[in-house]
2 protein chains.
Amino acid sequence: MLKEERHNFILEELRTKNKVLTYSLSQVLSVSEDTIRRDLKELADLGQIKKVHGGAVAHSLNPFHYKDREVYALEEKIAIAEKAKNLIQPQQVVFMDGGTTNLELVKRLPSDLKATIITNSIPVATHLTDHPLIEIVFLGGKVLKSAQVTIGAEVVSAISNIRADKCILGTRSIHHQIGISEIDWEETMVKRAMLAASNEVACLVIADKIGTSQPYIIADIKQVSQMVTTLSRKNPILKPFIQAGVEIIS
Amino acid sequence: MLKEERHNFILEELRTKNKVLTYSLSQVLSVSEDTIRRDLKELADLGQIKKVHGGAVAHSLNPFHYKDREVYALEEKIAIAEKAKNLIQPQQVVFMDGGTTNLELVKRLPSDLKATIITNSIPVATHLTDHPLIEIVFLGGKVLKSAQVTIGAEVVSAISNIRADKCILGTRSIHHQIGISEIDWEETMVKRAMLAASNEVACLVIADKIGTSQPYIIADIKQVSQMVTTLSRKNPILKPFIQAGVEIIS
DNA sequence: ATATTTTGTGCATGTTTGTGCATTTTTATT
DNA sequence: AATAAAAATGCACAAACATGCACAAAATAT
């Protein structure tokens with residue numbers, strides 16, 4: 001059995017049972033306790049579990065930590081997701097598109113939040129199936145494999161039949177004059193539709209992307225209600241956005 | 001044997017088994033371990049696999065693996081999935097609903113199969129995003145969390161706008177007089193719609209469920225084209241189904 | 001057709017990694 | 001404080017690995 005397999009086994013065990021014992025694992029996996037201890041240490045160093053005397057416990061209540069691939073600026077995305085948690089109020093109906101930041105956000109939604117989330121992202125929907133209260137509506141259509149989202153006319157038309165309180169967009173580029181923009185045409189169409197069908201628009205955007213632009217424009221900056229960023233509210237870069245009426249959440 | 005062939009073999013092996021060992025591969029492919037190591041390194045450099053001590057593992061380890069352990073009759077379902085692999089012919093458009101058996105089937109689809117799969121199951125769609133050629137269409141709607149499928153009028157209406165070559169149903173109950181039946185009303189409606197929109201209907205069914213019935217009837221047995229089972233074709237239990245014109249695949 | 005380069009493979013080598021055991025240190029509990 | 005369980009540390013050994021090299025097959029050039 002490969003070390004990798006043991007690690008996965010331990011993570012799965014933790015996911016379901018929330019704790020593991022060094023001794024029992026050594027029995028089940030037929031290796032010495034030392035080996036298990038080393039495994040647990042490695043996983044703990046990676047932040048995947050929390051090592052305790054006698055074994056380990058799940059680091060957080062949220063599962064699905066391990067399948068994350070390497071993501072650009074993941075730390076910052078997580079920080080943004082944390083700040084964005086309060087954007088979704090009880091009983092609201094909210095659009096969410098794909099992207100890592102939104103994925104981190106859904107992982108962190110409090111388990112007592114009752115709301116409806118409408119999404120075209122397969123990972124977002126998958127994670128939400130573990131949430132006890134949130135109602136999920138999935139926007140069907142042709143699947144864009146690389147991004148694990150649905151796209152196309154069907155999605156756009158389904159969106160146009162809905163009116164939502166809010167729309168939370170993982171944003172690739174934002175610029176105080178150009179507005180928010182995307183690199184993929186199909187995704188642009190979907191985001192535009194979501195935006196048009198919502199009362200409020202929140203953009204989750206990492207610092208690098210502020211002041212940049214992409215070929216396809218989704219909307220003017222005036223249409224953005226909130227912008228969630230790790231930058232401080234008084235950072236001069238944000239000034240033009242504030243003047244344009246965007247509320248900064250940081 | 002060409003290097004290319006070995007690489008394909010390794011990837012295929014990884015798709016189904018999720019791990020490969022350097023030693024076993026060297027035995028099966030009759031080359032030295034060094035060669036295998038070089039193969040694995042190349043594939044790892046291309047980002048196709050994850051190299052570990054002793055072999056390699058799939059880069060995106062199956063996110064739903066943890067549920068597999070608790071699945072009823074998983075062995076048999078895998079066996080059925082293996083037999084059902086050939087049901088999907090190149091270029092066909094196929095409906096697939098949720099359920100573990102179908103999930104096992106999509107895990108095993110050969111990577112050179114080019115087809116379109118239309119599904120309402122989130123796990124099925126997730127798995128297929130790793131497949132190089134298959135086009136995925138997702139049927140949007142309200143998500144039934146427990147089964148990780150979409151249901152409701154939206155799904156049914158989307159299905160009715162499609163005409164498919166085939167429909168592959170994970171079947172809870174089949175009876176030669178009652179037909180195929182389900183326990184959940186919403187899922188019944190979806191399956192009925194899929195069935196009505198397809199030229200052929202294949203039912204994947206484990207032995208226990210042959211001759212049983214559930215409250216909601218999906219269709220008459222005459223509408224079933226193929227039935228995939230682990231039972232032998234000449235098993236007397238299957239006789240009434242054969243007489244009703246069902247082709248037995250075993 | 002012949003010569004030259006490139007590619008793939010296996011083998012010998014030294015190196016790294018993973019594991020178990022023995023010993024000492026730390027921790028939790030009474 | 002006493003004690004037993006768990007963890008850290010150092011060590012040994014085997015398995016897996018990387019590297020350089022030789023050689024053959026294939027591709028390319030002459």
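Below, chains carry the letters A, B, ... as their sequence lines are ordered, and counting in each starts from 1. Note that these values count all heavy atoms, side chains included, but never hydrogens, waters or copies made by symmetry.
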Checklist entry - Looking for any heavy atom pair under 4.0 Å, which part of the strands does B/Lys51 touch: base, sugar-phosphate only, or nothing? => result sugar-phosphate
At under 4.0 Å, does any side-chain N or O of A/Ser32 touch on OP1 or OP2 of C/dT19? no
Sorted by position of nearest nucleotide on DNA chain C, 5' first, the leading residue of B/Lys3 and A/Arg6 is B/Lys3
Side chains of A/Thr22 and A/Glu33: do they bring a donor and an acceptor to under 3.5 Å?
no
Donor + acceptor pair across side chains of A/Asp97, A/Asn102 (<3.5 Å): yes
(request) Would you check, one step at a time, whether the test salt bridge (charged side-chain N to carboxylate O under 4.0 Å, His left out) holds for B/Glu104 with B/Arg108? (result) CA-CA 7 Å; B/Glu104 293 302 324; B/Arg108 287 170 177 74; 2.7 Å; yes
Value in whole Å for how far the [atom2] atom of [N] lies from [atom1] of [X]:
X	N	atom1	atom2	answer
A/Arg38	D/dA7	CZ	C1'	11 Å
A/Glu4	C/dG18	CD	C1'	14 Å
B/Ile36	C/dC11	CD1	C1'	16 Å
A/Asp34	D/dG10	CG	P	14 Å
B/Glu33	D/dT19	CD	P	17 Å
A/Leu21	C/dA28	CG	C1'	15 Å
A/Lys41	C/dG18	NZ	C1'	15 Å
A/Leu2	D/dC17	CG	C1'	14 Å

Of the listed D/dA7, C/dG10, C/dT19, the closest approach to the A/Thr22 side chain comes from D/dA7
Walking DNA chain D from its 5' end, the first of B/Arg37 and A/Gly54 to be reached, judged by nearest nucleotide, is A/Gly54
The residue, B/His53 or A/Val52, whose nearest nucleotide of DNA chain D is more 5′ is A/Val52
Rounding to 0.5 Å, atoms CD1 (A/Ile122) and OG1 (B/Thr126) come to a distance of 5.0 Å
Can B/Arg38 and B/Asp34 be counted as an ion pair, charged N to O under 4.0 angstrom? no
